[in-house]
Amino acid sequence: MTDDRPYGRAREAERERLPDEELMRALYAEHAGPLFAFVLRLVAGDRHRAEDVVQETLLRAWKNAERLRRATGSVRPWLVTVARRIVIDGHRSRQARPQEVDAGPLESVPAADDIDRALHRMTIADALGDLSEAHRQALVETYFRGRTVAEAAEALRVPPGTVRSRVFYALRSLRLSLEERGAGE
């Protein structure tokens, strides 16, 4: 007479004869559904997390196949204990590290970085290329080298009034050139 109860002696004897792959199929067929329902309650209805826990539990069962073959009675209590510990370990590991923050709001915060500065300099250099040589030299001497009008006039060997005039017209041309490039702020 065979014992048809799900956790009876016939199942134990059958478990001892099965190769690992067949054992895992049998364990899955017999225990995956109830194990999933149990884990689903532990993870507050998160189906994906419950599936991951069941999968990890069955993976650990496969790694302990010899131990499970020698077990007397049902292996479900062992599977439930392993699943519960996996859920607890997952909860503890999430509590141990800081909560992750959505990076979305950070993307809208403007940040000064070297790329913006480099692009700005490239735009200005392009716009300076549109100026005449005389206007460009006057701007370079006064703005970029920080010289006074008198010092720039001496370096360029022109009168101070000419330097002032060239700087005025150079700035006006530069402003228009930058506006055309969309950088006229």
Side-chain angles (χ1 to χ4, degrees), residues 1-129 144 175 177-185:
M1 180 171 155
T2 60
D3 191 353
D4 290 333
R5 290 179 293 160
Y7 311 115
R9 285 185 175 69
R11 298 273 182 175
E12 290 173 34
E14 180 182 318
R15 200 170 48 220
E16 289 175 11
R17 292 188 309 261
L18 294 176
D20 288 352
E21 186 176 322
E22 290 179 30
L23 173 65
M24 293 314 301
R25 283 192 183 126
L27 284 177
Y28 184 84
E30 186 176 345
H31 301 290
L35 188 60
F36 178 76
F38 171 74
V39 172
L40 194 59
R41 287 189 305 271
L42 293 178
V43 296
D46 183 348
R47 296 185 66 80
H48 296 290
R49 178 77 181 124
E51 289 170 358
D52 289 345
V53 170
V54 169
Q55 184 177 3
E56 177 65 25
T57 302
L58 292 173
L59 179 66
R60 291 184 187 182
W62 175 70
K63 289 180 180 178
N64 290 287
E66 285 304 314
R67 180 178 173 194
L68 293 178
R69 275 195 183 88
R70 292 189 309 263
T72 58
S74 175
V75 295
R76 189 172 293 173
W78 185 88
L79 293 171
V80 166
T81 301
V82 169
R84 186 173 50 81
R85 288 181 181 162
I86 291 170
V87 170
I88 291 169
D89 290 346
H91 177 72
R92 286 180 181 160
S93 69
R94 281 189 301 279
Q95 296 299 321
R97 58 180 179 222
Q99 186 176 2
E100 295 175 5
V101 178
D102 181 23
L106 293 177
E107 292 172 0
S108 64
V109 175
D113 60 3
D114 292 334
I115 294 174
D116 289 339
R117 192 175 303 121
L119 289 173
H120 189 65
R121 286 180 180 170
M122 287 171 57
T123 305
I124 290 173
D126 254 2
L128 281 171
F144 296 105
R175 185 179 314 117
S177 184
L178 288 172
E179 284 175 358
E180 288 174 1
R181 287 175 171 77
E185 293 178 13

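In this chain, numbering begins with 1 at the start of the sequence shown.
Qualifying side-chain hydrogen bond (donor to acceptor under 3.5 Å, both in side chains) partners for R60, counting only residues two or more places apart in sequence or in other chains: E56. Residues passing the side chain to side chain contact (heavy atoms under 4.5 Å, CB included) test with H120 are I124, sequence neighbours excluded. When the side chain to side chain contact (heavy atoms under 4.5 Å, CB included) test is applied to R84, the partners found at least two apart in sequence or on another chain are F38, L42, T81, I88. Qualifying side chain to side chain contact (heavy atoms under 4.5 Å, CB included) partners for V43, counting only residues two or more places apart in sequence or in other chains: V39, D46, R49, A50, V87. Listed by chain and number, the residues in a side chain to side chain contact (heavy atoms under 4.5 Å, CB included) with E180 amount to none (sequence neighbours excluded).
A side chain to side chain contact (heavy atoms under 4.5 Å, CB included) with V82 holds for exactly one of V80, I86, L79; it is I86.
Taking CG of L27 as the reference point, atom CH2 of W62 lies at 13.5 Å (rounded to 0.5 Å). Taking CG of L59 as the reference point, atom CG of D52 lies at 12.0 Å (rounded to 0.5 Å). Summarising the geometry, atom OG belonging to S177 is positioned 8.0 Å from atom CG belonging to D126; distances are rounded to the nearest 0.5 Å.
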Worksheet entry | Check against side chain to side chain contact (heavy atoms under 4.5 Å, CB included), V53 and F36 | CA-CA 8 Å; V53 170; F36 178 76; over 6 Å; no
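The two residues R76 and H31 have their closest heavy-atom pair at NE-ND1, 3.0 Å.
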